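Below: one structure, written as structure tokens.
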Amino acid sequence: MTDANAHPHVSSDGKFALIHNGVIENYSQIKAFLVSENYTFKSETDTEVLCNLIAYHYAKMGAQADGQSPFLESVRKALHHVEGTYGIAALCTEHPGEIVAARKASPLILGVGDDEYLLASDASALVSRTRNVVYLKDGELVHIAGKDFAISTLEQADVSPVVDRIDWSVEEATMDGHDHFMEKEIFEQPLALENAMRGRFSADGSTAMFGGLNLTPEEFRNFNRFMFCACGTAWHACLVTEHLIERFARVPVEVDYASEFRYRNAPLDPNTLFFVVSQSGETIDTLAAMREAKRKGFRVLAINNVVGSSIAREADGGIYQHVGPEIGVASTKAFTSQLLLGAMVALYVSRLRDMSFNDGVDYVNALRGAPELVRRALAQAPRIKAIARRYAHYTDFLFLGRLSLFPIALEGALKLKEISYIHSEGYPAAEMKHGPIALVCEKCPSVFFAPKGEIFNKIVSSMQEIKARKGPVIAIATEGCELPPGLADDVIEIPDCHEAVLPIVATIPVQLLSYYIAVERGCDVDKPRNLAKSVTVE
Ligand code: F6R
């Protein structure tokens with residue numbers, strides 16, 4: 001990153017300034033044209049190219065804007081020539097008091113405040129000033145001029161604005177006495193889970209209910225496959241959901257990275273229900289995967305946190321996570337609520353099929369108890385902090401788990417690497433002997449999930465393999481569970497729980513471990529290098 005490449009960019013005639021989120025794919029052709037028209041460039045960015053393209057159309061247009069604002073029309077004309085994605089806001093020296101903003105495949109929200117308008121890509125940036133917002137749609141421009149604003153499309157059609165109300169408060173977007181948003185969001189997970197499940201159990205307490213599926217129970221029952229697409233942490237949540245749906249409902253599930261699905265043209269059974277999972281609802285790969293699935297005629301449901309996001313708007317139905325804004329770049333409460341909602345979808349499908357009333361009641365009671373179990377897991381924080389201090393200097397980690405905790409091993413490794421820059425890998429514990437075991441030595445600790453259950457002894461054998469090679473072991477084990485003496489260097493206990501809740505509870509220690517290690521190493525936890533909260537470029 002250099003000063004020359006930093007936004008805003010200014011056109012070479014000095015008239016326009018532009019900020020831009022996204023990628024202009026055909027910028028080199030446009031640049032070559034503008035260079036031939038004597039426009040000059042100070043940076044290597046596609047944004048400066050777009051800014052000069054606006055200046056070019058403005059100069060060409062003169063006063064010929066068909067009664068429209070020449071500023072607005074020059075932005076509109078320029079956008080007709082660009083390929084790619086953008087959320088932009090432009091200023092013009094000849095139109096003081098005006099802003100023109102537009103979006104295509106990058107989020108853009110207009111805040112309607114008291115005597116002011118605000119533009120942002122995420123509602124959390126606006127909420128301290130206003131809770132009234134307009135979510136711009138793809139291909140829309142907003143022209144703010146003094147006290148007024150007007151929305152139109154790239155094709156010059158007027159759009160009546162819909163002003164939505166953000167349903168969370170500014171307190172939810174502040175750190176509330178915590179050192180970092182990530183810490184705050186880890187500790188608010190019991191409440192987040194309560195909010196995510198609130199009002200979503202049937203009156204007889206034996207199944208889940210969702211208001212926004214736009215499918216009758218009969219229609220839902222008739223799907224004989226499910227496909228889940230997501231990116232990053234949300235993809236890990238899908239893997240756990242796959243495990244639970246297949247385990248309890250016995251319906252086959254496929255999970256794919258959205259970025260792969262959109263290009264691999266997978267053959268899908270026509271009777272497949274498609275899910276996308278995304279905290280932000282703006283991840284471009286997930287959005288594109290969803291559009292591809294819809295194009296092929298599949299019904300798409302979204303599990304999503306940000307109300308009014310692109311994914312929420314375009315899905316055929318869905319389930320909001322209701323966990324409030326997640327501001328730390330590393331996903332925490334959004335992840336555990338995705339696990340919870342995935343477990344509830346598994347319950348819903350199971351009860352439409354073979355699961356008995358009594359098993360449904362047990363399952364529901366277990367989910368209702370999840371916030372309290374998470375509280376108990378969080379109570380281990382001082383102990384995990386002390387462990388983190390002793391492990392913060394290591395440069396490689398393995399995270400090992402089996403069955404529904406294999407995705408949590410992936411999540412632990414992702415959390416650690418993204419916020420502390422320590423190389424870490426997640427693996428199914430038994431798969432370790434097929435390669436990763438070569439990494440094991442006194443310099444490479446392994447974090448093992450060792451919950452009680454039928455494969456506990458298998459996990460113990462994998463731990464013995466690590467110990468035999470002098471690898472330090474941190475075990476995350478069920479309270480009161482007897483590990484052979486000397487096998488683990490450190491043990492973090494989690495409460496005993498139902499299978500559907502175990503992944504949620506087991507996530508807490510790895511979130512805390514990663515967080516405290518990153519703090520110990522002096523890392524910028526909430527804004528790790530090279531990462532963005534929502535990835536709106538391909
Ligand atoms: C990691 C993390 C990312 C996101 C991914 C998808 O902590 O936050 O891996 O999970 O970029 O984001 P959403 O869920 O907004 O689609």
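Residues: numbered from 1 along the sequence shown. When a ligand or atom number is given, it counts from 1 through the structure's own listing order. A quick note: this is a predicted structure, and the numbers were derived from the prediction, not measured.
Neither the backbone nor the side chain of E282 has any atom closer than 4.0 Å to an atom of ligand 1 (non-hydrogen atoms only).
Among all non-hydrogen protein atoms, the one lying nearest atom 7 (O) of ligand 1 is E418 OE2, 2.5 Å. Among all non-hydrogen protein atoms, the one lying nearest atom 14 (O) of ligand 1 is Q279 N, 2.7 Å. Looking from atom 6 (C) of ligand 1 to the surrounding protein, the closest heavy atom is C231 O, 3.4 Å. Given atom 3 (C) of ligand 1, the protein heavy atom at minimum distance is T233 N, 4.0 Å. Remark: minimum distance from atom 11 (O) of ligand 1 to any protein heavy atom is reached at V535 CG2, 4.0 Å.
For the pair E185 and K333, the salt-bridge criterion is not met [side-chain N within less than 4.0 Å of a carboxylate O]. Looking at R247 and E499, a side-chain N of the basic residue comes within less than 4.0 Å of a carboxylate O on the acidic one, giving a salt bridge.
Residue contacts with ligand 1 do not include T332, since none of its heavy atoms lies under 4.0 Å from the ligand.
Using modelled atom types and a 3.5 Å distance limit, the side chains of S331 and Q279 yield no donor-acceptor pair. Side-chain contact check for T336 and Q189: at least one donor-acceptor pair (N or O, by modelled atom type) lies under 3.5 Å. Donor-acceptor pairing under 3.5 Å is recorded for the side chains of K415 and T233. Between the side chains of N304 and S309, at least one donor N or O lies within less than 3.5 Å of an accepting N or O.
Atoms of ligand 1 found under 4.0 Å from any heavy atom of A234, numbered from 1 in the order shown, are 10 (O), 14 (O). For ligand 1, the atoms sitting less than 4.0 Å from at least one non-hydrogen atom of S278 are 13 (P), 14 (O), 15 (O), 16 (O), numbered in the order shown with element in parentheses. Atom numbering of ligand 1 starts at 1 in the shown order; those under 4.0 Å from a heavy atom of K415 are 1 (C), 7 (O). Close contacts of ligand 1 with A330, meaning ligand atoms under 4.0 Å from a residue heavy atom, involve 7 (O). For ligand 1 and S280, the ligand atoms under 4.0 Å from any heavy atom of the residue are 13 (P), 15 (O), 16 (O).
Cation-pi geometry between R521 and Y421 is not satisfied (NZ or CZ under 6.0 Å from the ring centre, within 45° of the ring normal).
With atom 12 (O) of ligand 1 as the reference point, the heavy atom nearest to it among L287, V277, T283 is part of T283.
Using the six-membered ring where Trp is involved, W235 and Y257 have ring planes that are parallel, under 30° apart on the 30 and 60° scheme.
In terms of polar-atom proximity, Q338 is not counted as a contact of ligand 1, lacking any N or O under 3.5 Å from an N or O of the ligand. In terms of N/O distances under 3.5 Å, ligand 1 is not approached by T286.
Exactly one residue among I492, L378, I387, T507 makes a side chain to side chain contact (heavy atoms under 4.5 Å, CB included) with L512. That residue is L378.
Side-chain contact check for F335 versus H236: some heavy-atom pair is nearer than 4.5 Å.
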